[in-house]
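Right, one structure below, let's go through it.
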Amino acid sequence: MANMEQDHWSRVKGRLRSTVGEDVYSSWFARMDLESVQDDSVHLSVPTRFLKSWIQAHYAERVLNAWQAEMPQVHRVDLTVRSAMRNVAPANKEAAAPTEARRTETFNNRPAHELRATATAPVSASHEALGGSPLDPRLTFASFVLGRANTLAHAAARQVAEGRRGDPVMFNPLYIHAGVGLGKTHLLQAVTWAGNSGPDRKVLYLTAEKFMYGFVAALKTQTALAFKEALRGIDVLVIDDMQFLQGKTTQAEFCHTLNALIDAGRQVVIAADRPPSDLESLDERVRSRLAGGLVVEMSSLGEELRLGILKSRVAAARAHHASFDVPDPVLDYLARTITHNGRDLEGAINRLLAHSKLNATPVTLEMAEREVRDLIRPQEPKRIKIEDIQRVVARQYNVSRSDLLSSRRTANVVRPRQVAMYLAKTLTLRSLPEIGRRFGGRDHTTVLHAVRKIEALVGKDVALQDEVETLKRQLQE
């Protein structure tokens, strides 16, 4: 290549470095090479499709401007994936031309927003996590069964999915929490499928585990800056199973990413098995930011909703097995007795389908009772929340909930506070530090003292024992 062209290229790289800064230049442009300069066009190459896609989407205009400042006659910059280009032998250039054309992106004098619209390649390649976690094609809005337990969560998810780039964000983040098998993942994947069906937004679905894997892998390969920049370029970031996010460094990075996306008007959707305040392993800053958006609980499935899910699963099975039929009495029985979660309902239909097809026998009530008996679980005790305990105790002793959380030490507040802490320890699975935090930020030793104090008093004070038992019954009803 002519020395003059290399001189031009060196000066263009210098302009880019001074424009975007050393860190960004090292992440995105250090491995870009000049292939040729021909009349009004320049041909550059990068080693991966990920780099090509990202540069095309975010730095096209800057690259073109840098070349035009050096060579005003340049009106086009072609960017190619180097491995695809250099592996083609000269004798095969003609045969390779169609493929080469597909792998080349052009920067020209179009406006920046049009340039970005051409970058339709998904963010992936150099960081595996940025390809997203696997999506189930069945988990769409069309297959989601609506009921009283999930109406608000569904409406909020649809609002997010139907938004467009540049629209004002109504609530951010959207935080959905529910127990196992109640539809959180279904809604999050539906948001991803629907959001990515449009031409102008990139929705990325990641489990918390995948996010951790991606960040740790980026640290090991010294590409953390590129990983973070790519994440913050997403239009809608969807994180599932938030309760599994571990590690102080990873949590701090997630918090920075969350803040950057929200401050830039991008949408964040998160799901977990408990509300933000109960994610004890997460840093307080992360919990606070998660609670600052719209927090929606998907409650347990009612019998009517369970019946709707069963009918939906039977209809889906019939698409492949036209003769499969489940009589209404069997559906009613399943909806009445399988109460734990939606996955058990789907498992029940799969068992009936397998038994019916493999044995060539129709589905009957007797067969259903036999095949699904292990899915009929005993009713779980009511899940008691610390907020419920504080509310019931405050009402019983005629004090306010804020009194229980305050630093007041008067006798009419100290005893109810100790009783509430004792009930929180005996009726929930929360740790002593978490209980202390929920009672005005107290130390765990204060909670331990309260628990031991009430335990000792209950053993010898019949009136207090009756009060505590009454409170327990109210909370468990």
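Just so you know, these numbers come straight off a predicted model, no measurement behind them. Heavy-atom basis, side chains included; hydrogens, waters and symmetry copies ignored.
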Original post:
Would you call L79 and I55 a side-chain contact if the rule is heavy atoms closer than 4.5 Å?
Top reply: yes
Subject >> Residues Q418, M421; criterion side-chain contact (heavy atoms from CB on, under 4.5 Å); working and verdict >> reply: CA-CA 5 Å; Q418 290 176 332; M421 289 180 178; 5.7 Å; no
**OP:** Start with the C-alpha distance between E455 and R452, add both sets of side-chain angles, then the distance that settles salt bridge (Lys or Arg N to Asp or Glu O under 4.0 Å), and finish with yes or no.
**Re:** CA-CA 5 Å; E455 281 177 345; R452 288 175 175 170; over 6 Å; no
**OP:** Tell me yes or no: between the side chains of Q267 and D235, is some donor less than 3.5 Å from an acceptor?
**Re:** no
Original post:
Any side-chain heavy atom of V330 sitting closer than 4.5 Å to one from T364?
Top reply: no
Original post:
Are E162 and R158 within salt-bridge range, i.e. N to O under 4.0 Å?
Top reply: yes
Subject >> Polar side-chain atom of R415 near backbone of N412 as donor-acceptor pair, under 3.5 Å >> reply: no
**OP:** Hey, could you give me the CG/CG distance between L182 and L187, rounded to the nearest 0.5 Å?
**Re:** 11.0 Å
Original post:
Under the 3.5 angstrom rule, does the side chain of D461 hit a backbone N or O of L464 as a donor-acceptor pair?
Top reply: yes
**OP:** Say whether, by atom type as modelled, one donor and one acceptor occur between the side chain of K184 and the main chain of A178 under 3.5 angstrom.
**Re:** yes
**OP:** Any chance you could lay out the side-chain contact (heavy atoms from CB on, under 4.5 Å) test for K357 and L353, step after step, and finish with the verdict?
**Re:** CA-CA 6 Å; K357 300 301 289 185; L353 174 62; 3.6 Å; yes
Original post:
Pairs in or reaching into residues 248-265: which pass salt bridge (Lys or Arg N to Asp or Glu O under 4.0 Å), with residues at least two apart or in two chains?
Top reply: K228-E253, R232-E253, D263-R289
**OP:** Indicate whether the side chain of T185 and that of D240 have a donor and an acceptor atom separated by less than 3.5 Å.
**Re:** yes
Original post:
Less than 4.5 Å apart, any side-chain heavy atom of L331 and any of V314?
Top reply: yes
Subject >> Nearest non-hydrogen partners of L310 and A335, listed with the distance >> reply: CD1-N, 3.5 Å
Subject >> Expected output: side-chain N172 to main-chain R266 donor-acceptor under 3.5 Å >> reply: yes
Original post:
Going from NE2 on H256 to CZ on F254, what distance comes out if it is rounded to the nearest 0.5 angstrom?
Top reply: 12.0 Å
Original post:
Do V468 and L423 come within less than 4.5 Å of each other through their side chains, counting heavy atoms only?
Top reply: yes
**OP:** Decide side-chain contact (heavy atoms from CB on, under 4.5 Å) for L307 and I309; before the verdict, give the C-alpha distance in whole Å, the side-chain angles of both, and the deciding distance to 0.1 Å.
**Re:** CA-CA 5 Å; L307 183 60; I309 291 172; over 6 Å; no
**OP:** Report the residues that fulfil side chain to side chain contact (heavy atoms under 4.5 Å, CB included) with V372, sequence neighbours left out, ordered by chain and then residue number.
**Re:** Y333, L334, I338, A348, L375
Which donor-acceptor pairs under 3.5 Å do the side chains of residues 135-148 make with protein atoms, sequence neighbours left out?
unit_1: D136; atom_1: OD1; unit_2: R138; atom_2: N; d: 2.9
unit_1: D136; atom_1: OD1; unit_2: R138; atom_2: NE; d: 3.2
unit_1: D136; atom_1: OD2; unit_2: R138; atom_2: NE; d: 3.3
unit_1: D136; atom_1: OD2; unit_2: R138; atom_2: NH2; d: 2.8
unit_1: R138; atom_1: NH1; unit_2: E346; atom_2: OE2; d: 3.2
unit_1: T140; atom_1: OG1; unit_2: A142; atom_2: N; d: 3.4
unit_1: S143; atom_1: OG; unit_2: R138; atom_2: O; d: 2.5
unit_1: S143; atom_1: OG; unit_2: T140; atom_2: N; d: 3.3
unit_1: S143; atom_1: OG; unit_2: T140; atom_2: O; d: 3.2
unit_1: S143; atom_1: OG; unit_2: H186; atom_2: NE2; d: 3.1

Show me, pair by pair, the donor-acceptor contacts under 3.5 angstrom made by side chains of residues 390-401, not counting sequence neighbours?
unit_1: Q390; atom_1: OE1; unit_2: R401; atom_2: NE; d: 2.8
unit_1: Q390; atom_1: OE1; unit_2: R401; atom_2: NH2; d: 3.0
unit_1: Q390; atom_1: NE2; unit_2: R438; atom_2: O; d: 3.1
unit_1: R391; atom_1: NH2; unit_2: D388; atom_2: OD1; d: 3.4
unit_1: R395; atom_1: NH2; unit_2: Q474; atom_2: OE1; d: 3.4
unit_1: Y397; atom_1: OH; unit_2: E467; atom_2: OE1; d: 2.6
unit_1: S400; atom_1: OG; unit_2: S402; atom_2: OG; d: 2.9
unit_1: S400; atom_1: OG; unit_2: D403; atom_2: N; d: 3.1
unit_1: S400; atom_1: OG; unit_2: D403; atom_2: OD1; d: 3.4
unit_1: S400; atom_1: OG; unit_2: D403; atom_2: OD2; d: 3.0

Subject >> Ionic contact status for D374 with R351, cut-off 4.0 Å >> reply: yes
Subject >> Distance in Å, I386 CD1 paired with L404 CG, rounded so as to fall on 0.5 Å steps >> reply: 12.5 Å
**OP:** Could you tell me whether E303 atom CD has more than 12 heavy atoms of other residues or ligands within 6.0 Å of it?
**Re:** yes
Original post:
Do NZ/NE/NH1/NH2 and the carboxylate oxygens of R287 and E284 come within less than 4.0 Å?
Top reply: yes
Original post:
Just by distance, do the side chain of R442 and the backbone of F439 share a donor-acceptor pair under 3.5 Å?
Top reply: yes
**OP:** Enter the distance from E369:CD to M367:CE here, rounded to the nearest 0.5 Å.
**Re:** 11.5 Å
Subject >> Check: T426 side chain, Y422 main-chain N or O, donor-acceptor pair, under 3.5 Å >> reply: yes
Subject >> Step-by-step side-chain contact (heavy atoms from CB on, under 4.5 Å) determination, V169 to F171 >> reply: CA-CA 6 Å; V169 177; F171 29 72; 6.0 Å; no
For residues 292-300, run the donor-acceptor check on the side chains, cut-off 3.5 Å, and write out each pair with its distance to 0.1 Å, sequence neighbours left out.
none

Subject >> pair L261-T257: side-chain heavy atoms closer than 4.5 Å >> reply: yes
Subject >> Backbone N/O of T361 and side chain of S356: donor-acceptor pair under 3.5 Å >> reply: yes
Original post:
Within a reach of under 6.0 Å around CD of E209, are more than 12 heavy atoms found that belong to other residues, nucleotides or ligands?
Top reply: no
**OP:** For the pair R430 (side chain) and I435 (backbone), establish whether a donor and an acceptor sit closer than 3.5 Å, ignoring hydrogens and angles.
**Re:** no
Subject >> OH-CG distance between Y213 and L206, expressed to the nearest 0.5 angstrom >> reply: 12.0 Å
Original post:
Got a donor-acceptor contact below 3.5 angstrom from the R31 side chain to the V46 backbone?
Top reply: no
Original post:
In chain order, what residues pass the side-chain hydrogen bond (donor to acceptor under 3.5 Å, both in side chains) check against H355, with sequence neighbours excluded?
Top reply: N359
